[in-house]
Amino acid sequence: MRDERVVITQIGTVNPLGFGKTEFWNRLSAGEMATKPVVRFDLSDFTNKTACLVEEDLDAFLNERGVKRLDRNTKLILSTLKQDMIMEDCANLGVVIGTIFGSLEMVTNFDQITLLEGPKSVSPSDFSLLVINAATSQANISYKLHALSTTVSTGFTAGLDAAGYAYQYILRGYLSEIVCGGSEELAEDFYRGMTKLGLLSSGHQKALPFDKERDGCVLGEGCGLLIFSELNRALERKQPVLAEVVGFCTVFDSKQCPGQSSSQTGFYRSMRGALAEAGISLQQVQWIMASANGWTDDLNELQAIEQLASETGVNQPIHVSSLKGQTGECGGATGAIQLIAAVLALQEGVILPTVGLQELALTSKHILLNTTKVNQECEYVLVNSKGLYGNHSTLVLKQYKGC
Amino acid sequence: MKHPRIVITGMGAITPIGNDLETLWTNLLAGKSGFAPVRAFDTTEYRTQIGAEVKDFNFDQYVTPETLQSVGKTSALAISAANMAITDARLNLDELDNSRVGVALGTTLGEAETLSKINRMRHQKMESNEAYVEPVELILQYPCYTIAANVAREFGFEGPVQMLPNACAAGNYAIGYAYDMLVEGKIDVAVTGGAEAFSRITYTGFNRVLSLAPECCQPFSNDRKGIIIGEGAGILVLETLEKALARGAKIYAEVLGYGLGCDAHHPTQPHPEGMGFYVAITNAFKNTGITAGDVDYINAHGTGTKINDTTESMVIHRIFEERAQTIPVSSVKSMIGHMMGAASAVEAIVCAKVVQNDMIPPTVNFTSPDPECAIDCVPNVARQSKVEIAISSAHAFGGNSSVVVIKKFSENTER
């Protein structure tokens, strides 16, 4: 039995539903959907034309020399840190951030200029922004954080996997405090690619997780960051403890074809593994914040929960909801944004709904797909994340009530 | 806290001077370099024309034609090297609990060549006014996670599968993560390392920041002119000692642990005092319980740029003090070039061979000493030397720094 415990002491986010955690919570809990028509790039040849975007002028907000030349992903991270995080006494603060691409726009533009104008025409200073770890590193540079800088790139589960990395790193005793999470810009090529893969909603033009009529997801962008701390350190420094991280599991379904629907097995193994890590049973979990995003495999996730619940013999239905209809599927940021929402909900003593859900894809005696906010204290919350390649991750949060 | 010991039971490498581990090792000891005119694309408009490409690698031996068609080149290299390492480890895939096998890989730009391919197709269609149809297969091949996913899928691994693109230090980050997963008991076997295919984007970028040497890589030499871009893959199979002994696996070396740090200074320029390296090596000592006096060999990052090699030497002096001028420090980048995300993985493999054989590969192309690099860089000739503990250091754009600690394997060692 180890002594270390990992808790969350700060959260911050810049995402389509809020510039900062306060605005995010207000709009999220009011049931707002951030989905809007895209004007940032030309979608005339696409059938789907909506996304969830961060509207604020990040250059103006950051207002620093040299910021304009940075890529959008980096600006999202720096904006989140500036807006929400208290970065004091952080000599030993590590940084772990998940992202799918880093900056897809920078890499694409760099290559296009090489192609169209020749290799001597690219800007030398742009090259440093191409490496996938550039955005994370910029956070280290801005705040002089020498202890750790890791970038995790596991597709859509990257944000949650970065949290898992930070959790493991602290438990190993390497560091006692890490800012972790995920960030993703919505690059035009990301949008194009997802459209071509048939993953985006073209009929409803919005994401309806768990709904029988769902026809795809909606892309988003943003950044979510959390500061994980070893409990004793947080208490020594008299920091508020928002929640506790008690388990994390990530698995891979090697039978899944890339870009295809995730299997029930993948969801099941991820949740079961996380519960085992946390040393708890599903019986003790009041709420699962699902990875469902309006795509076909939302149903497989429900069936996996049903399977786990039947096997465990839970005698109370478990609330299951997804916020991706409201925020969009924000690449590497999503898992972190979900975590932040769960932490905020735990603090408020509520369970968030799935907004926009009208006709349930599955009814089960074990699952409650609430469509309105529920006032209920939770002891444990599971947060799920799924990727396009067969990867699944689950993190277990526990309400913190003192030692 | 006492925890399981972690050992290396299999290794596979595809490099500019050897398409397999033994050829690589033989050529490293012989001081052979792999620099030649770039063949992957036309370099006429570039300042330099030299690279360190993998030569005549026969993918057919390791990857089916169907797989080769459906993955990017970095993935193909990773799968092939993983195949070699798994065979080398004599892992029986049918007997393994696949849910307890994890994959952790590193890369710098991943499948950058795939992105270039997509851009060129798009451009070609626009030029000829044809309607452009996004190639769906290529889209799915681009995100760097596919590299780890492709390896996992190829062998049916179902544990944690993670991709850590920490640029030129990525391999060490992956090895560190694999080490932790094993120590924590999350997995029984880790397939870890790094891979990077030669890419136009990487070559163009380094050309533009004036970091490329025109002819060869000369780490620590007074007239060094920069890096030579390489490619390839290095994969290691790690297991707990207990499991390795139970199945009678051969053991190359022990991984004692690792340490990480960050310059937090500039996107490309190292911290003037080498802060990242200093923090990483200090953490490596703290995490593994060794001290500077225990280290018998340093496998340097040694890229061959003025500033990297000077900074690295400075930190070596700060940490090793009076031993700094006598402890052997060599850079195999003098022979294999800079394999980007694969570099530190291959360098960890080299360290395992070093402790196993008590032979240190040289830093070749060394012509004259630089007073700012006052270290013993094992110039030009391999050296026989007892090496109990080797450390491999790697640093990257963004200031990511890493040190992995490799120890000669001895079953009876108490920790």
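First the proteins, then the strands, lettered A, B, ... as listed; each starts at 1. What you see below is based on every heavy atom in this structure, not just the backbone, and it leaves out hydrogens, waters and symmetry mates.
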Residue part contacting chain B, namely of A:Gln112, when any heavy atom lies under 4.5 Å: both
Under a 4.5 Å cutoff for heavy-atom pairs, which residue among B:Cys144, B:Pro160, B:Pro267, B:Pro165 has the most contacts with chain A? B:Pro165
Will you find, in the side chains of A:Tyr191 and A:Asn48, an N or O donor that is under 3.5 Å from an N or O acceptor? yes
Options B:Leu115, B:Val103, B:Thr268, ranked by heavy-atom pairs under 4.5 Å with chain A, top entry: B:Leu115
Under a 4.5 Å cutoff for heavy-atom pairs, which residue among A:Leu388, A:Val251, A:Asp45, A:Asp126 has the most contacts with chain B? A:Val251
With a 4.5 angstrom heavy-atom cut-off, could you sort out which part of A:Ala134 is near chain B: side chain, backbone, both or neither? neither
For A:Phe41 and A:Phe46, I'd like to know if the aromatic rings sit close, meaning centre-to-centre distance below 6.0 Å. no
A:Leu175, part contacting chain B, at a heavy-atom distance under 4.5 Å: neither
Examine the side chains of A:Ser149 and A:Asn140 and answer whether a donor and an acceptor come within less than 3.5 Å of each other. yes
Looking only at the side chains, is there a donor atom on one of B:Thr146 and B:Gln141 sitting less than 3.5 Å from an acceptor on the other? no
With sequence neighbours excluded, residues passing ring-ring contact (aromatic ring centres under 6.0 Å, His included) with A:Tyr268: none
Using a 6.0 Å cut-off, check whether atom CD of B:Gln124 has over 12 heavy atoms from anything other than its own residue. no
Residue selection (most heavy-atom pairs with chain B, distance under 4.5 Å) from A:Ser137, A:Gly118, A:Gly102, A:Pro119: A:Pro119
Are any of the side-chain nitrogens in A:Asp189 or B:Arg122 under 4.0 Å away from the carboxylate oxygens of its partner? yes
For A:Phe110, which atoms come within 4.5 Å of any heavy atom of chain B: side chain, backbone, both, or neither? side chain
Top contributor to chain A interface from B:Asn207, B:Ile201, B:Asp180, B:Val161 [non-hydrogen pairs under 4.5 Å]: B:Asp180
Between B:Tyr142 and A:Phe101, how do the two ring planes meet: parallel, tilted or perpendicular, split at 30° and 60°? parallel
For B:Tyr203, is it the side chain, the backbone, both, or neither that has a heavy atom closer than 4.5 Å to a heavy atom of chain A? neither
Using non-hydrogen atoms and a 4.5 Å limit, figure out which bit of B:Phe397 sits close to chain A: side chain, backbone, both or neither. both
Relative to chain B, which segment of A:Leu129 carries a heavy atom at a distance below 4.5 Å: side chain, backbone, both, or neither? neither
For the interface with chain B, which of A:Cys249, A:Ala135, A:Ala147 has the highest count of heavy-atom pairs at distances below 4.5 Å? A:Ala147
In terms of heavy-atom pairs under 4.5 Å with chain B, the winner among A:Gln138, A:Glu277, A:Arg269 is A:Arg269
Is it the backbone or the side chain of A:Thr108 that comes under 4.5 Å from a heavy atom of chain B, or both, or neither? both
Is there a donor-acceptor contact under 3.5 Å linking the side chains of B:Glu158 and B:Ser99? no
Ring geometry between A:Tyr389 and B:Tyr145 (parallel below 30°, tilted from 30 to 60°, perpendicular above 60°): perpendicular
Taking the six-membered ring where the residue is Trp, are the ring centres of B:His271 and A:His146 under 6.0 Å apart? yes
Can you tell me which portion of A:Leu145 sits under 4.5 Å from chain B's heavy atoms? Options are side chain, backbone, both or neither. backbone
Which atoms of A:Tyr169 approach chain B - backbone, side chain, both or neither, heavy atom under 4.5 Å: side chain
Counterpart residues, side-chain hydrogen bond (donor to acceptor under 3.5 Å, both in side chains), relative to A:Thr99 (two or more places apart): A:Asn73, A:Glu184
Quick one: which of B:Met275, B:Gln162, B:His266 has the most heavy-atom pairs under 4.5 Å with chain A, could you say? B:Gln162
Checking B:Ser199 against B:Thr202: is there a side-chain donor and acceptor pair closer than 3.5 Å? yes
Which residue out of A:Tyr165, A:Tyr143, A:Tyr174 racks up the most heavy-atom pairs below 4.5 Å with chain B? A:Tyr174
Out of B:Gly259, B:Gly398, B:Ser401, B:Gly205, return the one with the most heavy atom pairs under 4.5 angstrom to chain A. B:Gly205
Given the options A:Asp253, A:Val95, A:Thr154, which has more heavy-atom pairs under 4.5 Å with chain B than any of the others? A:Thr154
